[in-house]
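We use all heavy atoms of the structure for the numbers below, so side chains are in, but hydrogens, waters and symmetry mates are not.
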2 protein chains.
Amino acid sequence: MSASTKLSTSVKALSFLALENKPKNSTEIADAVGINASKLRRLLSLLGKAGIVKSDSGMLGGFTLNKPPNQIHLQEIYCAIEDRKAFYLNVNDDNSKKNSHSQKVNYFFLNLFSDIQVEIENKMTDITLKNILDKIN
Amino acid sequence: MSASTKLSTSVKALSFLALENKPKNSTEIADAVGINASKLRRLLSLLGKAGIVKSDSGMLGGFTLNKPPNQIHLQEIYCAIEDRKAFYLNVNDDNSKKNSHSQKVNYFFLNLFSDIQVEIENKMTDITLKNILDKIN
DNA sequence: TATAATTGTTACTGTAAGTGTAACATATAT
DNA sequence: ATATATGTTACACTTACAGTAACAATTATA
């Protein structure tokens, strides 16, 4: 899954949990979201480690939100599921010697891409799960 | 090659042409940029179709810039080498039924990603090859 | 005209990455 | 005990990608 697909899938799952407001197992969530249950558990496991969802094993187990939707920011969802910076953009610097022209162009783009990433992160920090729920209902 | 790598590779090649200011064949450019010549020709071919470089076959052939560096915008380089919108971000909408919750979340993200893309495009429209050359020298 | 050098495109091969599923150890309520 | 969860690993399958090579078409030059 691409980073952006992971993000939208996570939000689908989280908003489902927000609306249901009781423990839901991976099969139920997977059905609602339209994704394989095993794959979803891998995603929810990451969200759990970040403290966004709570999970319980056993017969009455399942997943629930670990905090209210207005305290869950898009940015933290992204950071939970992706180790790289938001929407990482890369340059090819394999063959560039020190101080070469190639390397300087690389630096230019790394700076540019870094600026873009900061803007994206700022945008995502301003959006909470509650914002999204309000908007789509 | 990822979209962002294609872009930086293209700029490396174009800035090499700008500095040399005479026809250069694919082997020379490829050596300077650190990429396979055949691969580079595929990229330059796209830049040629967009009118950014001029190419000539034959013994005295090669590639030259088709307009001055201050008239070559990052945005048009990107459009030449990539058919999709700048840094396309996708959502998974395979299993979403009409008006379903899933689909609404998809729409939310499509809008968000579209906003981000517009911002990136604006940023790239403001940057010319000459800007880059001035900055890195 | 023959030749050498070049672009533009296609094809191919090996490798890496991604997808979807299954399996199973661990945990827990009844 | 048993049934039902999660969390993680493994695996087969497919897709995508990278790098290279090959070659027709084009063009200057002897």
Quiz item: When the distance from CD1 of A/Ile35 to C1' of C/dG18 is rounded to whole Å, what number comes out?
Solution: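 Rounded to whole Å, this separation is 13 Å.
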
Quiz item: Taking atom C1' of C/dT21 as reference, at what distance in whole Å does atom CG of A/Leu40 sit?
Solution: 14 Å

Quiz item: With A/Lys54, which residues qualify under salt bridge (Lys or Arg N to Asp or Glu O under 4.0 Å), at least two apart?
Solution: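 In terms of salt bridge (Lys or Arg N to Asp or Glu O under 4.0 Å), with neighbours along the sequence ignored, A/Lys54 is linked to A/Asp56.
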
Exercise. Sequence neighbours left out, what pairs pass side-chain hydrogen bond (donor to acceptor under 3.5 Å, both in side chains) with at least one residue falling in residues 33-47 of chain A?
Key: A/Ser26-A/Arg41

Exercise. Of all the heavy-atom pairs spanning B/Ser102 and A/Val33, show the shortest one and how long it is.
Key: OG-O, 3.5 Å

Practice problem: Identify the heavy atoms of B/Ile72 and B/Lys67 that sit nearest to each other, and give their distance. | Solution: CD1-O, 3.6 Å

Quiz item: Does C/dG20 have OP1 or OP2 sitting under 4.0 Å from an N or O in the side chain of A/Asn36?
Solution: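 No, outside the criterion.
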
Under 3.5 Å, which donor-acceptor pairs link side chains of residues 57-66 of chain A to any protein atom two or more places apart or in another chain?
from: A/Asn66; atom 1: ND2; to: A/Gly51; atom 2: O; distance (Å): 3.1

Identify each atom pair where a protein N or O and an N or O of nucleotides 13-18 of chain D are less than 3.5 Å apart, giving names and distance.
from: D/dA18; atom 1: OP1; to: B/Met1; atom 2: N; distance (Å): 2.6
from: D/dA18; atom 1: OP2; to: B/Met1; atom 2: N; distance (Å): 2.5

Quiz item: Residues in ring-ring contact (aromatic ring centres under 6.0 Å, His included) with B/Phe16, at least two apart?
Solution: none

Quiz item: Going by distance alone, is a donor N or O of one side chain under 3.5 Å from an acceptor N or O of the other, for B/Asn106 and A/Lys12?
Solution: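 Judged by distance alone, the side chains do pair up.
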
Grab the N/O contacts between the protein and nucleotides 5-12 of chain C below 3.5 Å, and write none if there aren't any.
from: C/dT6; atom 1: OP1; to: B/Asn25; atom 2: ND2; distance (Å): 3.2
from: C/dT6; atom 1: O4'; to: B/Gly58; atom 2: O; distance (Å): 3.0
from: C/dT7; atom 1: OP1; to: B/Ser26; atom 2: N; distance (Å): 2.8
from: C/dT7; atom 1: OP2; to: B/Ser26; atom 2: OG; distance (Å): 2.9
from: C/dT7; atom 1: O3'; to: B/Ser55; atom 2: OG; distance (Å): 3.4
from: C/dG8; atom 1: OP1; to: B/Ser55; atom 2: OG; distance (Å): 2.3
from: C/dG8; atom 1: N7; to: B/Arg41; atom 2: NE; distance (Å): 2.9
from: C/dG8; atom 1: O6; to: B/Arg41; atom 2: NH2; distance (Å): 2.9
from: C/dT9; atom 1: OP2; to: B/Ser45; atom 2: OG; distance (Å): 2.7
from: C/dT9; atom 1: OP2; to: B/Lys49; atom 2: NZ; distance (Å): 3.4
from: C/dT9; atom 1: O4; to: B/Ser38; atom 2: OG; distance (Å): 3.4

Exercise. Taking B/Asn122 for its side chain and B/Glu119 for its backbone only, find out whether a donor-acceptor pair lies under 3.5 Å.
Key: no

